[in-house]
Structures are given as C-alpha cells and as structure tokens.
2 protein chains.
Amino acid sequence: MKLKIKNTEEELRNAGIKPSVQRLKIYEYLVNSLEHPTVDSIYNFLSSEIPTLSKTTVYNTMKLFQDNGLVMVVNIEDNETRFDADTSFHGHFKCTECGKVYDFPLPNTQPKIKELANHIVKESHYYLKGICANCKLNN
Amino acid sequence: MKLKIKNTEEELRNAGIKPSVQRLKIYEYLVNSLEHPTVDSIYNFLSSEIPTLSKTTVYNTMKLFQDNGLVMVVNIEDNETRFDADTSFHGHFKCTECGKVYDFPLPNTQPKIKELANHIVKESHYYLKGICANCKLNN
DNA sequence: GTATCTGCAAAACATTTGCAATTCT
DNA sequence: AGAATTGCAAATGTTTTGCAGATAC
C-alpha cells in the first residue's frame, strides 16, 4: 500500500507546506514507515537525528499535514492516534497480539445503503482486528 | 438498530454480571439511548438520579460490560470513546456538523480480501463521516 | 464475616495552549 | 527587520490506579 515517494520536498511544496527540516524528516518517516506511527513513535525515532525536536512540533506538524491532506488519521485503537501517509481508500487490520497494523486494499465503491441515502459521506474508515498470520503461526 | 430489551436485569445476569443499582442504570441508559454515549455523558445523565455516582464506577462498569460482550466501543472520533449496546455488526455514520452518530445496517458478510486470508478477523468496524440529512437541509 | 463493589484522591498519559526564542528570507 | 516556525512549560482533559469505606450475600 505504501508508495515510496522520491521527492518528499516537492510533495510538501505541492501541498502548500513550507518544507522545514522538521517537517521534511517527519514526512519522510511517515512515508517510509510501515507501522502507522503515533506522535510518540515519530518523536522517539527522530529525536536522535534532531535532538532539539519537541513533541509540540510533531503535534503541530501532524495537524498541518492533516489539514493539507497529506496524512490521514488511523484511529483503530482508542488509546493511540496513528497516522498514514497513504490517504487513498484502504482498510486497516490490527493484530491484537503483536500490535502491528496492516494495510489492505478495498474496492473503492462505497456500499449502497438506503439509510445513508440522504447523508453526504466525506470520509470512510474500515477497521479490522484479530490475530495476524505471523502471530497465528508462533502460537 | 437499537433493540429495546425489556428485562435488563436478566440481561446482565445472563452475561455473568451481578446487577448492582449502578450497573443496571448504566446498562438501561445505554440500551435506551440513541446517542452512543461517552463515559462523560453517561455520568452526567445519571448523576442526578444517583448523586453519589462516580466516574470511576462508570469507567469500571464500561470495562466490565466490554469484557462480557455487552457493549462495543465506537471509536469513530479520536477524542471521544463512545459505547453501543448493540453489538451486532453494523456501521456508524458521524455528522461533522451536529456531532450525532447514526447507526446503519451492513451486510454481515465480510469482504473477501486475499491479503486477509491468513489473518484471523475477530472484530470489524465501519465508520463514515460527513454531513447528515438534517444538517444538509438546515444550511 | 468475607467477598465484592463503589468512589475519592492522586497518578499517569495524551494533547493543547501561551508565549518567548529561534530561524528564514 | 518582519513573518513564520519551533519548542519549553504550564494547562487541560481523559483514563487508570491504589486504597478505604460501603454494600451484598
């Protein structure tokens, strides 16, 4: 599901975001990470590389990225707000054993449900939980 | 979507939960409420009826209900943990204008996705956001 | 009388806000 | 210099934990 984007700096500019060092590194981490990181894991990963980095900046940056459509929030667990740089419609599966979150493709046609006929749908999320193939084997 | 359950006391007993006053009132509120309440709204609603009620008890009780399959968590928004006494498979639509969360039916067949073939799916959530019919009219 | 249940107070986290220092141009 | 960005420290909000008192069987 993850697309490796070569020119992250240009990506930011195209989205209308001035690419500071912090923003670039955060965005690169998001794009290259497979783990749908949280603010905390972004901060922990980057703080060795950018020792002055603060969590506030990570929060600010994630808000900025969201507002400009660069990332989507993955809210599969109630105590962790994760982020995904792949904003296309796809599903998320979380393993309750190892905690990993996997992407999976979905048909991009919304189900036709008559109860929804009069609502305007702008955003949709499909979340599954269970035991992943890996953990299933190791038990 | 909400089923009116007549004998809530028996419902609790069947689930293996001793029905205290607090638990009963909380469960009744959950079953009869259409709004997918949060801990806070449960507490606010019931504290006039049970003046000694504490939020800790509401948290404890919701945990207990979850563990015994009486409620499911609706995590459609990242800053509010809501609960639904209807644990059957159905979707949730949240209006970003008025904040209301609507239920809607879903076919109970999971989509067959080859990437999921080796995972064991135990739980699934389908969340939509947008503008509800009501808010659409009033604008 | 022993178990369980409740609820206060404090602790633990996650996130937001205000503001001063820093950086960029 | 002027505007935007960063990051510290404090505030806020939510959930958890420890424990003492109340309640149920």
OP1 or OP2 of [N] less than 4.0 angstrom from a side-chain nitrogen or oxygen of [X], does that happen here?
X: Thr57(A); N: dG7(D); answer: yes
X: Thr52(A); N: dG7(D); answer: yes
X: Thr81(B); N: dT15(D); answer: yes
X: Gln22(A); N: dG7(D); answer: yes
X: Ser54(A); N: dT6(D); answer: no
X: Ser20(A); N: dT23(C); answer: no

Could you tell me the separation between the [atom1] atom of [X] and the [atom2] atom of [N], rounded to a whole number of Å?
X: Tyr43(A); N: dC8(D); atom1: OH; atom2: C1'; value: 11 Å
X: Leu12(B); N: dC5(C); atom1: CG; atom2: P; value: 12 Å
X: Gln66(A); N: dT15(C); atom1: CD; atom2: P; value: 11 Å
X: Asp40(B); N: dT15(D); atom1: CG; atom2: P; value: 9 Å
X: Asn75(B); N: dT15(D); atom1: CG; atom2: P; value: 10 Å
X: Leu24(A); N: dC24(C); atom1: CG; atom2: P; value: 12 Å
X: Leu46(B); N: dG7(C); atom1: CG; atom2: C1'; value: 15 Å
X: Lys25(B); N: dG7(C); atom1: NZ; atom2: P; value: 14 Å

Tell me which of Asn60(A) and Leu53(B) sits closer to the 5' end of DNA chain C, going by the nucleotide each one is nearest to.
-> Leu53(B)

dA9(D): pairing nucleotide in any strand, Watson-Crick or G-U under 3.5 angstrom |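 Its partner is dT17(C).
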
Assigned partner base of dT23(D), Watson-Crick or wobble definition, under 3.5 Å =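 Answer to the pairing question: none, since dT23(D) forms no Watson-Crick or G-U pair.
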
Got Thr96(B) and Lys122(A) here, is their nearest side-chain heavy-atom distance under 4.5 Å?
->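 With C-beta onward as the side chain, the pair stays apart.
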
Just checking, is any N or O donor in the side chain of Glu80(B) or Thr38(B) under 3.5 Å from an acceptor N or O on the other one?
->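 Short answer, no.
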
Are Glu77(A) and Arg82(A) close enough for a salt bridge, meaning some N to O gap below 4.0 Å?
-> no

Of Lys18(B) and Tyr59(B), the one whose closest DNA chain D nucleotide lies more 5' =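 The residue whose closest nucleotide sits nearer the 5' end is Tyr59(B).
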
Between Glu80(B) and Val21(B), which is nearer to the 5' end of DNA chain D once each is assigned its nearest nucleotide?
-> Glu80(B)

Whether Lys136(A) side chain and Asn118(B) backbone form a donor-acceptor pair below 3.5 Å | yes

Asn75(B) side chain to Asp78(A) main-chain N or O, any donor-acceptor pair under 3.5 Å?
->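 Present.
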
